[in-house]
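Accompanying notes for the structure given below.
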Amino acid sequence: MKLLYFARVKESTGVAEEEVMLPRNVTTVAGVVEWLKTRGEGYTHAFADLAIIRCAVDQQHGDLDTPIAGASEIAFFPPVTGG
Amino acid sequence: MKLLYFARVKESTGVAEEEVMLPRNVTTVAGVVEWLKTRGEGYTHAFADLAIIRCAVDQQHGDLDTPIAGASEIAFFPPVTGG
Amino acid sequence: MVRVQTEDFDIGAEINALTDGRTDIGALVTFTGLVRDMNEGRVTLMELEHYPGMTEKELVRIEQEAHQRWPLQASLIIHRIGRLLPGDNIVLVITASAHRQAAFEAASFLMDYLKTSAPFWKKEIRDGKARWVEVRERDNAAMKKWFSQS
Amino acid sequence: MVRVQTEDFDIGAEINALTDGRTDIGALVTFTGLVRDMNEGRVTLMELEHYPGMTEKELVRIEQEAHQRWPLQASLIIHRIGRLLPGDNIVLVITASAHRQAAFEAASFLMDYLKTSAPFWKKEIRDGKARWVEVRERDNAAMKKWFSQS
């Protein structure tokens, strides 16, 4: 699975993207987040307040309940501020 | 008093503007209209349906009740259609 | 600023003139009205008559009203007169503000107000015959909206 | 049509490209968003990050949604990325329709939707410090309006 991080989230994780092997019991975005939080301080900090985390699964907006089966790319980012 | 006519009203009266001496008892726009209607077929036709006549006294929108005392210019025209 | 003119206008140049050297504008809205070739019939020519003197006064009054209602940093109204062909520009409204809602609302207000208040009259050659353009009830309704809200 | 680019855009040229040779457009609205030098502090630089691939998809989706809601004859969304200075253009939205209400509403909708949905993030150098721009609650409220009305 390819994971991408943007803006403030990227600054916390310290990486823009990475290839990961997710445990089999991870089936939703919420599961991915829980797993990421075990990977060190940067991740714990990035996902400390889920109210300001948004995600996209295969480049479509999702939420914590979005299933990840068959997905090839998950992105995490703060609420958008373009325009 | 200077009277001006625009668009369809001008086509009916046959003149774009004219200087007139209004009778003393004419004190409002309604009075001007009544007086104009005595001046021939073109005017009668122009002011036959007052629902589609608008007026301005000294270049400010008015209505039939607008007093004309001290005014130097009265214009009659159809509802505007610019923009 | 308001202008009534027979010549065409250059929207890009007008925007540049309004924004050049400024760094306080966050939102800029332009509205351009153009002659359509279809309007309840095939239109081949439009002729715009106006009331010289009053037109400019009305446009200034309308513009001032918009500045009283919204925090505008700049605005412009240009209205053409004379003979126009399908595809030609008729009217340009520009509004600039710190935030987009003010710029959008003010531009929309200016057009609604102008349509019901500025002394212009359109005559079209439609299906080969000269016809005065009729007022649209929705234009009056659009105008009333601004006064019932407040 | 949507574009994401580092280069500036020329509003006049974009309008001409959209309207050239057409005689069916009656109303054209443009919205331009610009970098302001003041935003809760003195802004000296803005940096725009985005999610390549998803950004374009989102903009296309947003544009399609606008075309479903209003009878648009043409539309354009351009959003810049990278480093911008106060006074620089950020975003351009153009909508064209037979009538003005559709063009105004669609342009406003596109901006509201884009602000809350397209994956862009702004960082400002404000009072000498780099800060991520925070979401404004009024932007979320502006977006919700379009979904409660229908």
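Every chain is numbered from 1 and lettered A, B, ... according to where its sequence line falls, protein lines coming before strand lines. Keep in mind that the numbers below use all heavy atoms, side chains included, and drop hydrogens, waters and symmetry copies.
With rounding to the nearest 0.5 Å, the separation of NE2 in B:H61 from OG1 in C:T116 is 8.0 Å. Between atom OG1 of residue B:T81 and atom CD of residue C:E49 there is a gap of 9.5 Å, rounded to the nearest 0.5 Å. The NE2 atom of C:H50 sits 13.0 Å away from atom CZ of B:F77, with the distance rounded to the nearest 0.5 Å.
More than 12 heavy-atom neighbours from other residues, nucleotides or ligands sit within 6.0 angstrom of CD on C:E7. Around atom NE2 of C:H99, more than 12 heavy atoms belonging to other residues, nucleotides or ligands sit under 6.0 Å away. No more than 12 heavy-atom neighbours from other residues, nucleotides or ligands sit within 6.0 angstrom of CZ on C:R83.
With a 4.5 angstrom heavy-atom cutoff, C:T55 does not touch chain B via any of its atoms. For chain B, no part of C:R136 is nearby; none of its heavy atoms comes within less than 4.5 Å. When heavy atoms are compared at a cutoff of 4.5 Å, B:L4 approaches chain C solely by way of its side chain, counted from C-beta outward. Within the 4.5 angstrom heavy-atom criterion, only side-chain atoms of C:K57, from C-beta onward, approach chain B. With a 4.5 angstrom heavy-atom cutoff, B:Q60 touches chain C only via backbone atoms.
With respect to the salt-bridge test (charged N to carboxylate O, under 4.0 angstrom), the residues B:E11 and C:K123 qualify.
Scanning all heavy atoms of the two residues, the minimum distance from B:A75 to C:Y51 falls at CB-CE1, 3.3 Å. When every heavy atom of C:M54 is checked against every heavy atom of B:A56, the shortest pair comes out as SD-CB, 3.4 Å. Between C:I90 and B:G83 the shortest heavy-atom distance is CG2-O, 3.9 Å.
Put simply, the side chain of C:W121 reaches to within 4.5 Å of the side chain of B:P78, judged on heavy atoms. Side chains of C:F120 and B:V80 form no contact here, defined as non-hydrogen atoms less than 4.5 Å apart. With contacts defined as side-chain heavy-atom distances shorter than 4.5 Å, the pair B:Q59/C:E58 does not qualify.
Taking C:V133, C:N140, C:L114 one by one and counting their heavy-atom pairs under 4.5 Å with chain B, the maximum is reached by C:V133.
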